[in-house]
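Shown next, in structure tokens, is the structure this report addresses.
Remember, it's 1-based here, ligands and their atoms both numbered in the order they're listed.
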Amino acid sequence: MSERRAQLDHPLIAVPSHDELAEQLFVRDLKLYVMTRIEPVQARIAAAEQKASAGANNTAAALRERMGQHESFSTWLSLKRESQRQLWSSVAASVERQAGDLEDLAAIEAPLGSVRTDPDFAVPDYIRRGDIHLMPGGNAHDDGSILQGAMMDRGGAVYMLGRNGGMLNDLRGQTAMAHVLTRFPDLNPARILDMGCGIGTSTVPAATCFPDAEVHGIDVGASMLRYAHARAEHLGAGVHFSQQSAEKTDFADGSFDLVFSCVMFHETSQAATMAIIAESRRLLRPGGVAVHLEVPLLHDNSDAWVELSGELEAQYNNEPNWRGALSADYRSLFEAAGFSSVETGYQATSPAARSGPFRYGPESEGVFRSWFVASGVA
Ligand SMILES: C[S@@+](CC[C@H](N)C(=O)[O-])C[C@H]1O[C@@H](n2cnc3c(N)ncnc32)[C@H](O)[C@@H]1O
């Protein structure tokens with residue numbers, strides 16, 4: 001292993017050359033500029049527009065029409081989409097260049113965990129129909145390699161602008177575990193399932209937090225799962241990954257103590273979300289716990305700008321299920337699936353050290369400072 005790789009957070013992540021790094025840093029800074037300098041201006045213009053038209057048509061569609069008269073609005077939308085496309089193209093080129101090296105690193109001798117993919121797996125339509133986040137090929141692209149997973153790993157870290165745990169990109173999983181320790185401090189799970197695990201960035205924190213547990217991760221993408229397996233092994237975590245839809249798995253009734261997911265619902269359909277919550281309930285033994293974490297931007301569509309922002313995210317970042325997931329009533333969905341002690345709230349981003357201190361409450365502390373969490377007991 002090269003000295004450069006050995007210094008990384010985990011040695012499997014694609015290492016950019018000088019020029020590739022310059023490009024990726026440029027894209028990161030462009031995205032930061034769009035998000036922190038241009039977007040707040042749009043919010044101010046929207047507030048002024050809403051004030052000026054008080055009493056008149058204040059729907060998201062009407063607001064979009066009025067925003068369109070401001071030149072900076074189109075600039076914002078164009079830069080938002082273009083910077084996202086640039087992100088993936090800069091990462092894809094870098095990953096493809098080192099494909100052989102990455103495949104060699106992914107060949108694990110004497111693994112602690114396992115990976116099971118299914119050539120006959122039927123990828124759900126809501127995953128297949130678009131390249132979510134504009135990632136070429138989408139979540140389930142599979143050519144038999146680990147490269148889609150490698151692209152997601154490097155791209156995800158750049159996409160999160162370093163705010164989700166740097167190159168490990170693991171603060172969501174840490175926060176889900178912090179929620180378990182906050183609300184269910186006596187739970188000592190022997191079997192844990194991470195639904196929609198992707199490349200396992202949130203699964204490894206579960207394995208680290210509960211080192212004696214048997215940890216499973218499922219997703220619909222075979223390439224991501226192969227990569228997740230190798231990545232977890234490089235990080236010293238034995239996780240069992242399998243290609244399955246969280247809507248209906250092949251695990252036995254009551255076979256888990258803890259079922260969790262991180263930001264999966266906004267990539268599924270509303271019907272799938274209901275099926276997944278019901279499947280979580282089926283898989284838990286009596287007294288077992290479900291924790292489903294989402295982006296802390298839930299809204300009831302009562303503010304035209306919030307609603308419009310969600311629609312723009314859906315449209316310009318290929319997130320067709322964004323609106324449904326962010327306006328769902330998770331408490332009702334959990335209760336309808338048979339969960340008790342259901343709570344919804346915001347868990348402050350914190351490492352899952354057993355010492356805490358953990359903060360959980362009804363108010364969001366802001367994006368990347370807290371995550372929305374719905375939890376309940378089977
Ligand atoms: C935004 S990613 C999050 C990945 C990971 N949980 C994390 O925190 O980094 C959402 C993941 O959910 C997966 N997913 C969506 N619908 C699914 C389903 N029905 N069954 C299993 N995985 C699903 C996607 O393939 C994707 O990997």
Side-chain angles (χ1 to χ4, degrees), residues 116-118 121-135 137-142 148-149 151-157 159-160 163-177 179 192-206 215-228 231-232 239 241-251 259-280 283 291-295 297 313 317-322 324-326 347 349 352 368 371-373:
R116 167 165 63 101
T117 57
D118 174 3
F121 180 75
V123 175
D125 282 349
Y126 49 82
I127 296 285
R128 203 207 320 254
R129 88 176 158 217
D131 289 355
I132 195 137
H133 304 150
L134 304 183
M135 182 173 79
N139 287 339
H141 174 75
D142 182 28
Q148 196 70 358
M151 183 162 68
M152 178 169 258
D153 197 4
R154 182 85 204 176
Y159 186 6
M160 291 294 133
R163 296 174 300 176
N164 191 45
M167 299 314 282
L168 278 182
N169 212 350
D170 64 349
L171 272 187
R172 280 186 299 267
Q174 301 273 16
T175 306
M177 292 309 111
H179 184 71
I192 302 175
L193 174 63
D194 179 10
M195 293 174 147
C197 64
I199 55 165
T201 44
S202 301
T203 329
V204 171
V215 180
H216 292 255
I218 58 170
D219 205 282
V220 296
S223 175
M224 288 199 295
L225 289 162
R226 278 184 218 106
Y227 185 86
R231 181 184 180 281
V239 177
F241 292 98
S242 55
Q243 188 179 16
Q244 304 195 56
S245 172
E247 292 177 64
K248 193 174 184 315
T249 68
D250 64 6
F251 299 117
V259 171
F260 78 100
S261 74
C262 292
V263 293
M264 172 178 58
F265 288 145
H266 77 262
E267 295 193 359
T268 65
S269 66
Q270 282 177 292
T273 296
M274 286 192 268
I276 290 168
I277 294 172
E279 181 69 355
S280 310
L283 293 175
V291 171
H292 291 292
L293 174 149
E294 253 306 335
V295 290
L297 294 171
E313 179 66 19
N317 198 22
N318 284 10
E319 295 265 25
N321 300 300
W322 184 264
L326 271 65
Q347 183 77 38
T349 301
F368 290 105
W371 294 95
F372 170 82
V373 184

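- In terms of modelled atom types and a separation under 3.5 Å, the side chain of Asn164 and the main chain of Asn169 share a donor-acceptor contact.
- When side chains are defined from C-beta on, Asp142 does not count as touching Gln148, because their heavy atoms never get closer than 4.5 Å.
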Stepwise, does the side-chain contact (heavy atoms from CB on, under 4.5 Å) test hold for Glu279 with Glu247?
CA-CA 6 Å; Glu279 181 69 355; Glu247 292 177 64; over 6 Å; no
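- Aromatic rings of Phe251 and His216 (six-membered ring for Trp) have centroids within the 6.0 Å cut-off, being under it.
- Within 4.0 Å of ligand 1, the residues that place a heavy atom are Tyr126, Ile127, Asn139, Arg172, Gly196, Cys197, Gly198, Thr201, Ser202, Asp219, Val220, Met224, Gln244, Ser245, Ala246, Cys262, Val263, Met264, Glu267, Thr268, listed by chain and number.
- Within 6.0 Å of atom CD in Gln270, 12 or fewer heavy atoms from other residues, nucleotides or ligands are found, so the atom counts as exposed in its surroundings.
- For Thr203, the side chain to side chain donor-acceptor pair (under 3.5 Å) criterion is met by Asp194, not counting sequence neighbours.
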